[in-house]
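Below: the structure, in structure tokens.
Sequential numbering from 1 along the given sequence is applied to the chain's residues. Keep in mind that the numbers below use all heavy atoms, side chains included, and drop hydrogens, waters and symmetry copies.
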Amino acid sequence: MNHRLLVTGGTGYLGSHLIKNSQTWTTHATYFQSTPRRTDSTTFHQCDLTNGEQTTQLITSIKPTLIIHTACSNKSAQEISAIVPAASHLARLARETGSKFIHLSTDLVFDGTSAPYYEEDIPCPLHPYGEAKSAAEQIISTVCPDSIIIRASLMYGIDPYDHQTRWLMQGLESGNPIHLFTDEIRSPIWVENLAKAILELSDISYSGILHLAGPEAFNRWDFGMAILKLVKRHPTSNIQPSTIAASGMIRPKNLALRIEKARKLLKTPFLSVLDVMRQLHGARS
């Protein structure tokens, strides 16, 4: 059987790691504005996923066995506004074509007041991105109930750096003020870990919501210090602890996710930051 994979957002951070780990698939990927690098392993397609006609043409031409939907981030109002229509089109087409559909959601569907969160907990987002992701979850569950909805936490990686790690490294070099909150808690996950767990789900009979996150909950300050150890760098005086209250921002305080269900379902191990450090430094020693 020819296993055909379509990754939406193939030029994004998670999308690129999914592509890298999809050697056993015939892989296709979408992009919108960021032109992809040429590769022999993946066929890229420019597509506006909010356009139902374009998306239908793409799906009917590729006939994917599996669709992993990572496109539409929180980087801009335009991307946030694309979340619901893109998810709606893809869920409908997955149902009509019989493609397995895995949708990437976020821990930001919660307000941070009732952690740690289970899959069954009711979303209560604080911001437009979380609201759009929560709305997309509801639509997908209705339109394509056999789909898998992944709620992931912060993704981190160093090859290349994820957005937050890159910002931290730039702060080390520039000396610009970097404030890391001591009262914002997440369950960060190694991007390679996340990509492999998602691809493992292609062979597992499961539908509904699944939390994929790291095994530890960190506040942003402690996590930043752990990342610096991971890349063998020392904090500089411009990197300082702070709080959400001091910043004047409105952010969820504690978004720790429970991952017992995923651990029972998957063989992919959920690595701690220390596990990642041992794996990377051991591989390089």
Side-chain angles (χ1 to χ4, degrees), residues 4-19 22 25 27-37 39 42-110 123 125-152 155 162-163 194-195 198 201-202 207-210:
R4 295 178 300 279
L5 168 65
L6 174 64
V7 177
T8 71
T11 56
Y13 194 68
L14 176 58
S16 62
H17 281 81
L18 285 164
I19 288 169
S22 65
W25 294 79
T27 305
H28 297 258
T30 72
Y31 69 99
F32 181 51
Q33 291 179 323
S34 300
T35 304
R37 296 178 180 176
T39 172
T42 303
T43 303
F44 280 91
H45 309 263
Q46 186 173 25
C47 184
D48 177 0
L49 296 171
T50 68
N51 184 309
E53 184 176 347
Q54 277 190 37
T55 308
T56 299
Q57 289 175 351
L58 179 69
I59 299 299
T60 54
S61 64
I62 296 173
K63 298 181 177 62
T65 311
L66 170 65
I67 301 169
I68 304 178
H69 179 37
T70 75
C72 309
S73 72
N74 60 354
K75 292 178 182 176
S76 68
Q78 180 187 23
E79 291 217 38
I80 292 172
S81 69
I83 290 170
V84 170
S88 300
H89 294 320
L90 290 167
R92 173 182 58 81
L93 289 162
R95 184 198 66 211
E96 291 175 356
T97 60
S99 303
K100 186 163 186 173
F101 185 42
I102 299 178
H103 170 75
L104 265 293
S105 191
T106 174
D107 55 0
L108 289 165
V109 298
F110 298 118
L126 292 182
H127 297 298
Y129 177 66
E131 290 171 354
K133 283 291 192 179
S134 179
E137 288 186 5
Q138 295 176 44
I139 290 167
I140 292 165
S141 297
T142 301
V143 173
C144 188
D146 291 335
S147 63
I148 302 174
I149 297 169
I150 301 298
R151 290 191 188 130
M155 290 177 282
D162 64 277
H163 173 71
L194 178 58
I198 292 169
L201 285 166
S202 65
S207 61
I209 295 168
L210 188 67

- Query: Atom CG in L6, atom CD1 in I67: separation rounded to 0.5 Å?
  - Reply: 6.0 Å
- Message: Nearest 0.5 Å, please: how far is CD1 in I83 from CG in L104?
- Response: 11.5 Å
- Which pair of heavy atoms, one from A136 and one from V84, lies closest together, and at what distance? N-CG2, 4.3 Å
All N/O donor-acceptor pairs, side-chain side in residues 7-14, below 3.5 Å, sequence neighbours left out:
from	atom 1	to	atom 2	distance (Å)
T8	OG1	H69	ND1	2.6
T8	OG1	T70	N	2.9
T8	OG1	A71	N	3.2
Y13	OH	G157	N	3.4
Y13	OH	G157	O	3.4
Y13	OH	P160	O	2.7
Y13	OH	D162	N	3.3

- Task: Determine yes or no for a side-chain-to-main-chain donor-acceptor pair under 3.5 angstrom, with T50 supplying the side chain and P85 the backbone.
- Result: no
- Query: Roughly how far, to the nearest 0.5 Å, is the CD1 atom of I148 from the OG atom of S207?
  - Reply: 7.5 Å
- Item | Nearest non-hydrogen partners of C47 and F32, listed with the distance | O-CD1, 3.9 Å
- Can you see which heavy atom on A94 is nearest to which on F101, and at what distance? CB-CB, 3.7 Å
- Could you check if a side-chain atom of L90 sits within less than 4.5 angstrom of a side-chain atom of I140, using non-hydrogen atoms only? no
- Message: Quick check: do R151 and I209 have side-chain heavy atoms less than 4.5 Å from each other?
- Response: yes
- Heavy-atom closest contact (I19 atom, A29 atom, distance): CD1-CB, 3.7 Å
- Item | Flag side-chain contact, heavy atom, 4.5 Å: I62 against H45 | yes
- Message: Are L93 and S99 packed together at the side-chain level, in the sense that at least one heavy-atom pair is separated by less than 4.5 angstrom?
- Response: no
- Message: Tell me if a side-chain donor or acceptor on S81 pairs with a main-chain N or O of Q78 at a distance below 3.5 Å.
- Response: yes
- Task: Output the distance between atom CG (L5) and atom CD1 (I68), rounded to the nearest 0.5 Å.
- Result: 5.0 Å
- Task: Working to the nearest 0.5 Å, report the span between CG of L18 and CG of L194.
- Result: 7.0 Å
- Message: As an exercise, state the distance from CD of Q54 to OG1 of T30, rounded to the nearest 0.5 Å.
- Response: 10.5 Å
- Any donor-acceptor pair under 3.5 Å linking the side chain of T55 with the backbone of N51? yes
- In short, W25 meets S202 closest at the heavy-atom pair CZ2-OG, 3.4 Å
- Which pairs pass salt bridge (Lys or Arg N to Asp or Glu O under 4.0 Å) with one or both residues in residues 90-105, sequence neighbours excluded? R92-E96
- Query: Side-chain contact, heavy-atom cut-off 4.5 Å: P64 with L66?
  - Reply: no
- Would you indicate whether the side-chain heavy atoms of N74 and T106 approach each other to under 4.5 Å? no
- Task: Determine whether K133 and H103 make a side-chain contact, defined as any pair of heavy atoms from C-beta on separated by less than 4.5 Å.
- Result: yes
- What one should report as the nearest heavy-atom pair of S105 and E137 is OG-OE2, 2.6 Å
